[in-house]
Amino acid sequence: MYYYIMEPPSSRAVRQTYQRLRDLLTNLGIAGEMMAASPARTPEELAMMGLERGYSTIVAVGGDAFVNYIAQTIIGQAVLGIIPIGEAQQSAELIGTNNMKTAAEFLKFRRLSTFNTVTADPDSLIFLDAVVEPPKLAKVSFVIDGKLRGYAYFNKMTVTRNLEIKIESQHLVEPKKFLGLFSTGGTVVQSLSQFHGRNVRLTTEPDLALLVDGRPVAKTPLQLRLNPNSLKVITKRGSIL
Amino acid sequence: METNGPGTTVGVNVALSGTLKDQNDISVFGMVEGEVISEKSVTIGQTAQVKGPVKGELVTIAGVVRGAISASEKLELLETGKVFGSISTKNLVIHSGGIFVGKCEMPTGEETTEEPEPESEIESGDTPSEETLVPDEE
């Protein structure tokens with residue numbers, strides 16, 4: 001039996017989608033207990049309730065940020081199922097489909113895949129890619145595995161569940177002026193860096209929020225720790241030859 | 001930093017200090033002060049400045065390296081590359097324009113049988129003395 005937690009519907013169309021999903025799950029024989037998150041009951045509270053009731057699989061029905069919140073609560077205690085709704089691109093790529101019917105069928109076949117996650121101390125979890133995008137070029141200092149220190153200027157920084165840090169920057173180098181009058185034109189300098197480790201400390205100037213699907217999950221300064229093979233997720237069923 | 005990840009890239013506006021170690025490829029376009037060690041390839045880009053030893057299977061230099069370089073298979077110094085330090089590799093390629101200042105070792109597995117002759121300074125007009133010609137016994 002599955003325990004479904006549904007993200008608050010953002011529109012009437014999403015409410016209708018949820019009704020179609022209920023019918024679909026019933027037809028597949030995997031309709032379980034369905035709970036809708038609301039301001040009165042957060043996704044985390046609902047997930048805790050599901051765990052307390054003994055459910056071994058909790059299904060997140062919603063967007064990427066919602067899926068990440070549920071994963072944070074159930075990690076190490078239950079298997080995560082996902083029905084991506086709306087712009088849940090990362091979740092859809094993870095399980096192998098953005099189609100609700102297909103995702104429901106995956107739940108029925110229950111093929112499990114194990115994924116890494118990252119703990120952002122003290123108690124945040126990064127399961128889907130988290131992004132820092134300051135309004136203007138900002139500085140990040142980092143220490144990787146206690147052995148490598150560095151700093152960089154960035155427009156966008158991504159932290160993945162494999163603790164890969166991707167730092168992107170694009171800035172204009174001031175044009176040279178001739179006789180203080182004529183400029184020869186500026187040059188856009190692009191930089192892309194990629195690091196990875198098991199323990200990473202990130203500090204930014206100024207402090208910035210780490211976002212999953214536009215919602216904050218943590219804030220710098222951050223101590224990040226890789227948790228290998230820490231979350232089981234129901235994903236795409238393999239083909240039968 | 002050691003992992004089975006996708007490799008490491010140090011962008012042009014990044015400065016690092018410490019040990020940069022990866023089981024996969026490393027590409028450097030910024031500044032590194034410390035060791036750069038890969039079990040596969042190391043690429044030092046044209047904008048890169050590395051101060052410290054570099055070690056890899058295949059090492060390609062287009063920037064500036066001040067330190068020892070060890071390439072177990074091949075070392076290639078491109079036309080914009082500058083190396084100040086010793087190098088050790090089986091296979092060495094230096095493109096026209098590349099600058100190398102240092103010692104070079106190309107191990108072939110053959111041991112040399114001849115002892116190198118000791119150097120002696122002889123000023124013009126001087127007759128070398130017996131003490132100068134006879135090497136010291138260690």
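Throughout, a chain's letter reflects where its sequence line sits, starting with A, and its residues are numbered from 1. All figures in this text were calculated on a predicted structure; none of them were measured in a lab.
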Undergrad: Only pairs at least two apart or in different chains count here, so list each side-chain hydrogen bond (donor to acceptor under 3.5 Å, both in side chains) that has a residue in residues 62-83 of chain A.
TA: A/Asp64-A/Ser91
Undergrad: Measure the spacing between CZ of A/Arg149 and CD of B/Glu33 and express it to the nearest 0.5 Å.
TA: 13.0 Å
Undergrad: Testing the basics here: between B/Asn13 and A/Tyr153, what is the closest heavy-atom pair and its distance to 0.1 Å?
TA: ND2-O, 2.7 Å
Undergrad: With A/Leu148, which of B/Leu16, B/Thr19, B/Val32 fulfils side chain to side chain contact (heavy atoms under 4.5 Å, CB included)?
TA: B/Leu16
Undergrad: Is a side-chain donor or acceptor of A/Ser191 paired with a backbone partner of B/Val12 at a separation under 3.5 angstrom?
TA: yes
Undergrad: Could you check B/Val14 against A/Phe154 for side-chain contact (heavy atoms from CB on, under 4.5 Å), going step by step and ending with a plain yes or no?
TA: CA-CA 9 Å; B/Val14 177; A/Phe154 72 104; over 6 Å; no
Undergrad: Output the option from A/Gly146, A/Ser193, A/Ala152, A/Gly150 having the highest count of non-hydrogen pairs under 4.5 Å with chain B.
TA: A/Ser193
Undergrad: What's the spacing between A/His196 NE2 and B/Asp22 CG if we round to 0.5 Å?
TA: 3.5 Å
Undergrad: Relative to chain B, which of A/Leu192, A/Val140, A/Asn162 shows the most heavy atom pairs under 4.5 Å?
TA: A/Leu192
Undergrad: Would the number of heavy atoms belonging to other residues, nucleotides or ligands and lying under 6.0 Å from CD of B/Glu79 be above 12?
TA: yes
Undergrad: Please determine whether the number of non-hydrogen atoms from other residues, nucleotides or ligands lying under 6.0 Å from atom OH of A/Tyr151 exceeds 12.
TA: no
Undergrad: Considering residues, nucleotides and ligands other than A/Gln89, do more than 12 of their heavy atoms fall under 6.0 Å from its CD?
TA: no
Undergrad: List the atom pairs, donor and acceptor, that lie under 3.5 Å between side-chain atoms in residues 118-132 of chain A and the rest of the protein, sequence neighbours left out.
TA:
{"residue": "A/Thr119", "atom": "OG1", "partner": "A/Asn227", "partner atom": "ND2", "Å": "2.6"}
{"residue": "A/Asp121", "atom": "OD1", "partner": "A/Arg225", "partner atom": "NH1", "Å": "3.4"}
{"residue": "A/Ser124", "atom": "OG", "partner": "A/Val217", "partner atom": "O", "Å": "2.7"}

